[in-house]
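Structure, as structure tokens:
Just so it is clear, the model here is predicted, and its values are computed rather than measured. We count ligands from 1, going down the list as the structure has it; atoms in each ligand are counted the same way.
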Amino acid sequence: MSVFRPAIDRMAGYAPGEQPQDTGWVKLNTNENPYPPSPRVIDAIRRTAEGRLNIYPDPHATAFRRTAAALFNVDPEWILPANGSDENLTIITRSFCDAGQSIGYPYPSYVLYESLAQIQDCGVVRLRLNSQWQWDKAKAAELRRSLRVFYVPNPNSPTGTLWSADQLTELLPEKGVLVLDEAYGDFCSKPHRGELLKDARFENRLVVTRTFSKSYSLAGIRFGFAIAHPSLIDGMRKVKDSYNCDAISIAAATAALEDQAWMEANRQKIIATRGRLATALAGMGFCVHPSEANFIWVTHPTGHHREIYEQLKERRILVRYMRFPDGNPDGSMLDGLRITIGTDAEIDRVLAVLPDVIAQATADAT
Ligand SMILES: *Cc1c(COP(=O)(O)O)cnc(C)c1O
């Protein structure tokens with residue numbers, strides 16, 4: 001006998017990437033920022049900790065919303081802070097998709113969307129991406145008619161593919177919302193600042209989500225925010241916990257946003273390192289997918305991706321090995337490696353061991 005709801009019994013649960021708790025790893029598997037957060041963030045955390053932790057935080061995170069609104073050129077009523085952008089994804093699923101209705105997302109991308117829908121007993125439709133990591137327009141047009149929420153990471157993971165506004169209009173559900181998950185939005189050559197929110201083609205049914213975990217170096221502080229027309233934010237606010245963000249993370253996130261120069265300097269370093277890594281890997285025979293994010297997706301002509309991952313791990317370098325059904329009816333799979341852009345020293349270490357790693361991987365596989 002199970003005491004769980006059937007939907008919970010049926011689901012597997014989301015498995016996050018490996019998070020080793022010992023030191024000495026070159027950790028390039030979950031797209032964290034290799035650089036520390038702004039010193040102003042540390043100051044803000046210290047000041048908050050020395051302040052009044054005995055009282056509840058501001059339930060609306062007013063100071064944060066004011067700062068974020070100015071940066072994204074909207075009124076504060078357009079901003080909903082959350083305990084990590086994953087919490088906003090939960091709030092969105094609970095707000096807009098009833099049991100029995102369905103959400104959609106491009107596949108491969110971020111499979112958490114699927115777990116959130118399963119908790120809610122919603123259906124899930126995968127919009128399959130082809131070998132160019134693009135969707136079929138006719139299929140998208142068909143899905144728009146019935147889906148309540150369409151989630152799209154832009155840029156996408158694991159490839160760093162960036163879709164244009166014109167392409168994204170193809171995914172707006174007729175009776176639902178389009179969610180642009182901009183976790184990696186700051187790493188694009190031309191970073192977005194919420195321009196699409198005012199684009200009439202999205203009819204105020206667009207939600208943009210942002211996180212502090214990647215570009216602001218704050219994955220250890222759980223903080224993210226959604227930006228949408230107040231008609232959507234007002235309803236979503238009813239779904240969140242009253243005190244979903246704690247005083248320390250509100251202060252940290254506000255200070256991080258206020259120090260744009262710090263984020264921008266790290267962003268520039270990461271983009272430069274991304275180019276250097278891509279060139280070096282291509283020189284070693286890897287096929288490197290062009291990326292607008294802080295990671296790159298690579299495949300090797302030997303196809304020994306799992307063995308390369310394992311050989312790197314033996315040398316205490318963690319990258320992400322990924323394997324997906326490739327969409328063919330015969331059940332075949334495609335796989336590859338997603339490598340987060342680390343510091344130059346970390347990337348040099350990867351490049352130094354790779355010739356040996358590839359030789360060993362090939363020996364292991366045969
Ligand atoms: C990292 C990531 C998130 C998670 O953001 P948090 O603020 O850490 O919860 C959301 N979406 C995508 C696509 C991500 O890669």
Can we say Glu142 and Lys139 salt-bridge, meaning some charged N sits less than 4.0 Å from an Asp/Glu carboxylate O?
yes
Does ligand 1 have a heavy atom under 4.0 Å from the side chain of Glu87, from its backbone, from both, or from neither?
neither
Using a strict 4.0 Å cut-off to heavy atoms of Lys214, name the atoms of ligand 1 that fall inside it.
1 (C), 2 (C), 3 (C), 14 (C), 15 (O)
Return the residue, atom name and 0.1 Å-rounded distance of the protein heavy atom closest to atom 4 (C) of ligand 1.
Asp86 OD1, 3.3 Å
Note: ligand 1 atoms sitting under 4.0 Å from heavy atoms of Tyr110 are 3 (C), 4 (C), 10 (C), 11 (N), 12 (C), 13 (C)
Is Asp121 salt-bridged to Arg10, cutoff N-O under 4.0 Å?
yes
Among non-hydrogen protein atoms, atom 8 (O) of ligand 1 lies closest to Ser213 OG, 2.6 Å
Near Gly84, which atoms of ligand 1 are under 4.0 Å from a heavy atom of that residue?
7 (O), 9 (O)
Suppose we measure from atom 9 (O) of ligand 1 to each protein heavy atom; which comes out shortest, and what is that distance?
Arg222 NH2, 2.7 Å
Backbone or side chain, does any N or O of Thr211 fall under 3.5 Å from an N or O of ligand 1?
yes
Any chance you could measure Ile271, atom CD1, to Arg276, atom CZ, to the nearest 0.5 Å?
15.0 Å
Charged N to carboxylate O under 4.0 angstrom, Arg40 versus Asp43?
no
Which Ile, Leu, Val, Met, Phe, Trp or Tyr residues join Tyr243 in one cluster when any pair of side-chain heavy atoms under 4.5 Å counts as a link?
Tyr56
Is the shortest distance from a Lys or Arg side-chain nitrogen in Glu346 or Lys27 to a carboxylate oxygen in the other one below 4.0 Å?
no
Which class fits the ring pair Phe64 and Phe225: parallel under 30°, tilted 30 to 60°, perpendicular over 60°?
perpendicular
Going by the side-chain contact (heavy atoms from CB on, under 4.5 Å) test, name the single residue among Ile91, Val177, Ile103, Val179 that passes it with Phe96.
Val177
Residue, atom name and distance, where the atom is the protein heavy atom closest to atom 13 (C) of ligand 1
Asp181 OD2, 3.4 Å
For atom 5 (O) of ligand 1, what is the closest protein heavy atom, and at what distance to 0.1 Å?
Ser85 OG, 3.2 Å
Return the closest protein heavy atom for atom 15 (O) of ligand 1 as residue, atom name and distance.
Tyr184 OH, 2.5 Å
Ala183 neighbourhood, listing ligand 1 atoms whose heavy-atom distance to it stays under 4.0 Å
2 (C), 11 (N), 12 (C), 14 (C)
